[in-house]
There are 2 protein chains.
Amino acid sequence: MIKEVWKKFDETELSHSSVHHLMAVHHLVKENGYARAVDIGRYLNLTRGSISVTLHKLIDKDYLEEDENKFYRLSEKGKQLVCSVLSKRQILKQFFTTVLRLPEDSAEIDACKIEHLLSQQAGEQLLVFMGYFLSDNPEAAAFREGFQQFQYNCPMENCLICDNTCYFANSHTDCE
Amino acid sequence: MIKEVWKKFDETELSHSSVHHLMAVHHLVKENGYARAVDIGRYLNLTRGSISVTLHKLIDKDYLEEDENKFYRLSEKGKQLVCSVLSKRQILKQFFTTVLRLPEDSAEIDACKIEHLLSQQAGEQLLVFMGYFLSDNPEAAAFREGFQQFQYNCPMENCLICDNTCYFANSHTDCE
DNA sequence: TTCCGGTGTTTGATGTATCAAACAAAAGTT
DNA sequence: AACTTTTGTTTGATACATCAAACACCGGAA
């Protein structure tokens, strides 16, 4: 039932926030060699208290490890998750800027909102697509060229994209 | 600062859940001519109590209106929001199935998770892209053809997509 | 007219994410 | 060694989304 699809949103293993806690650890360890709660807090602009709570939950869930000095590092599971999210971010950003020609900062924001929600499968396929789109195959080059020129005009009837319910800029019907 | 981008996720005007409450109203009014709390509850699989609370918040925020018999309909603002989300869903789904060749049901789920987060700008540009991709321009046809055949092999070095940090299927470096 | 079922609302609970403030412990300074 | 600062933890609060259960109302059936 379609009715049940919408609940999948909350069934994600980790929240947007938790994912960013992990990414902060990744970033800080890479940059500084270590990540303490206070560093993560400063990085994410959250209080130490909040960070402390969240990190311990992430330890319980086995995404994070803590050493004797309360320095954090990602577990294998955590590393994998961060890697997959970072890769999706990278590819999404590239798609948004290169293909959709969004400004850098909107691309950044859109990618950040979506990166942790996109399925692995979609991420991989998007990578393949980008590989072809950006390749120097003549068809790809011609496509890029042609797309640059292209202006979409919704044909009102028989719109191949939107099922006769085009809601965008030049929208012509109410949502039915 | 990049540090602040991540918080934009929670700064969305309405939550995923609220958006789906509105879409339920839209759907039910379209299908049955009316939408009462109990109908919405059944449709979304939530209790009447929960629905009641959320709907009143949506009325306060001016997305929804209630008549004397407690039948709900979307306000202008609500209609606009639902339209924009439905259009993004439609286009995303089409992109996922047609371009990325994801199975129908994954496409559905991915689209549903993302639809309310994607910026209007990205949605519109994606529509334009789909317009070109699916057009019968010869370059588009050739591109589709070529893409069908294409196999992406990450060249390990100088990967044009992933900045030498390819995280997907054939990943070759750790996230650094 | 009384009673029952369907509907909407309210209340108390859970779980999540966050804060500020109080507290404790460790580290650095004098 | 004594004092100060930094850091981590705990606690009580808010806000959200949800539930179950209690309550209230309304309208039709007996």
Side-chain angles (χ1 to χ4, degrees), chain A residues 3-25 28-29 32-61 63-73 112-113 116-117, chain B residues 3-25 28-29 32-61 63-73 112-113 116-117:
Chain A
K3 310 189 183 184
E4 288 310 309
V5 172
W6 81 277
K7 289 202 179 179
K8 306 244 171 182
F9 187 81
D10 298 309
E11 288 167 14
T12 46
E13 167 83 359
L14 292 182
S15 68
H16 177 75
S17 169
S18 293
V19 171
H20 276 275
H21 280 68
L22 294 179
M23 299 218 287
V25 172
L28 291 167
V29 168
N32 309 335
Y34 60 87
R36 296 164 306 163
V38 68
D39 304 315
I40 300 164
R42 281 199 265 262
Y43 186 67
L44 295 177
N45 243 289
L46 297 173
T47 61
R48 280 172 296 148
S50 177
I51 293 288
S52 178
V53 173
T54 307
L55 291 190
H56 286 296
K57 281 185 202 148
L58 286 169
I59 290 172
D60 291 344
K61 290 191 188 169
Y63 285 97
L64 213 52
E65 292 160 3
E66 192 186 32
D67 74 10
E68 330 77 60
N69 301 309
K70 295 173 183 285
F71 285 41
Y72 296 95
R73 55 194 148 52
C112 172
K113 286 184 181 173
H116 70 297
L117 294 169
Chain B
K3 309 189 185 186
E4 288 311 308
V5 171
W6 81 276
K7 288 202 179 178
K8 306 247 170 180
F9 187 81
D10 297 309
E11 288 167 13
T12 46
E13 168 82 358
L14 292 183
S15 68
H16 177 76
S17 169
S18 293
V19 170
H20 276 275
H21 281 68
L22 295 179
M23 299 218 288
V25 173
L28 291 166
V29 169
N32 310 334
Y34 61 86
R36 296 164 307 163
V38 69
D39 304 314
I40 300 164
R42 279 199 266 264
Y43 186 67
L44 295 177
N45 244 288
L46 298 173
T47 60
R48 279 172 297 150
S50 176
I51 293 289
S52 178
V53 173
T54 308
L55 291 189
H56 285 295
K57 281 184 201 148
L58 286 169
I59 290 172
D60 290 345
K61 290 190 188 169
Y63 285 96
L64 213 52
E65 292 161 3
E66 192 186 32
D67 74 10
E68 330 77 59
N69 301 308
K70 296 176 183 285
F71 285 41
Y72 296 95
R73 55 193 147 54
C112 172
K113 287 184 181 173
H116 69 298
L117 293 168

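Note on naming: letters A, B, ... go to the chains in the order of the sequence lines (proteins, then strands), and numbering restarts at 1 for each one. Side chains are part of it too, since the values below use all heavy atoms of this structure and drop only hydrogens, waters and symmetry mates.
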Spacing of B:Asp60 atom CG relative to C:dT9 atom P, expressed in whole Å:
12 Å
From CZ of A:Phe71 across to C1' of D:dT7 the rounded distance in Å is 11 Å
Rounded to whole Å, please give me the gap between CG in B:Leu14 and C1' in D:dC16.
13 Å
A:Lys57 side chain: which of D:dT7, C:dT9, C:dA17 is closest?
C:dA17
Round to a whole Å and report the spacing from CG of A:Asn45 to P of C:dT18.
12 Å
Look at B:Ser52 and C:dG8 and indicate whether a side-chain polar atom (N or O) is within less than 4.0 Å of OP1 or OP2.
no
Taking atom C1' of C:dG8 as reference, at what distance in whole Å does atom CG of B:Leu46 sit?
15 Å
Before we go on, tell me: are the rings of B:Tyr72 and B:His21 under 6.0 Å apart, centre to centre?
no
Let me know, please, whether B:Lys61 or A:Ala37 comes out on the 5' side of the other along DNA chain D by nearest nucleotide.
A:Ala37
Quick one: B:Asp67 CG to C:dG8 C1', roughly how many Å, whole number?
14 Å
Out of C:dA17, D:dT18, D:dT10, which has the shortest distance to the side chain of B:Ser17?
D:dT18
Could you check which of D:dT10, D:dA17, C:dG8 has an atom nearest any side-chain atom of B:Lys70?
C:dG8
Without decimals, in angstroms, what is the distance between B:His16 NE2 and C:dT16 P?
18 Å
Of the candidates C:dT10, C:dA20, C:dG8, the side chain of A:Thr47 sits closest to C:dA20
Strictly below 4.0 Å: does A:Ser18 bring a side-chain N or O up to OP1 or OP2 of C:dA17?
yes
A:Arg42 side chain, from C-beta outward: closest of C:dT18, D:dT7, C:dT10:
D:dT7
As a test of reading the structure: which of C:dT7, D:dA17, C:dT18 is closest to the side chain of A:Val53, going by heavy atoms?
C:dT18
Between C:dT18 (C1') and A:His56 (NE2): distance, integer Å:
16 Å
With a 4.0 Å cut-off, would you call B:Arg36 and B:Asp39 a salt bridge?
yes
Quick one, B:Ser50 with B:Thr47, criterion side chain to side chain donor-acceptor pair (under 3.5 Å). Give me CA distance, side-chain angles, the key distance, then yes/no.
CA-CA 5 Å; B:Ser50 176; B:Thr47 60; 4.7 Å; no
Picking from C:dT10, D:dA17, D:dT7, which would you name as closest to the side chain of A:Arg48?
D:dT7
Describe, in one word, how the ring planes of A:Tyr34 and A:Phe71 are oriented to each other, choosing from parallel (under 30°), tilted (30 to 60°) and perpendicular (over 60°).
tilted
Judged by nearest nucleotide, the residue sitting upstream toward the 5' end of DNA chain C, A:Asn69 or A:Ser50, is A:Ser50
Quick one: is C:dT16 close enough that its OP1 or OP2 comes under 4.0 Å of any side-chain N or O from A:Ser15?
no
Exactly one of B:Val25, B:Leu22, B:Leu46 should register a side chain to side chain contact (heavy atoms under 4.5 Å, CB included) with B:Ile40. Which one does?
B:Val25
Assign A:His21 to base, sugar-phosphate, or nothing according to its heavy-atom contacts below 4.0 angstrom with the strands shown.
sugar-phosphate
Which atom pair, heavy atoms only, marks the closest approach of B:His16 to A:Trp6?
NE2-O, 2.8 Å
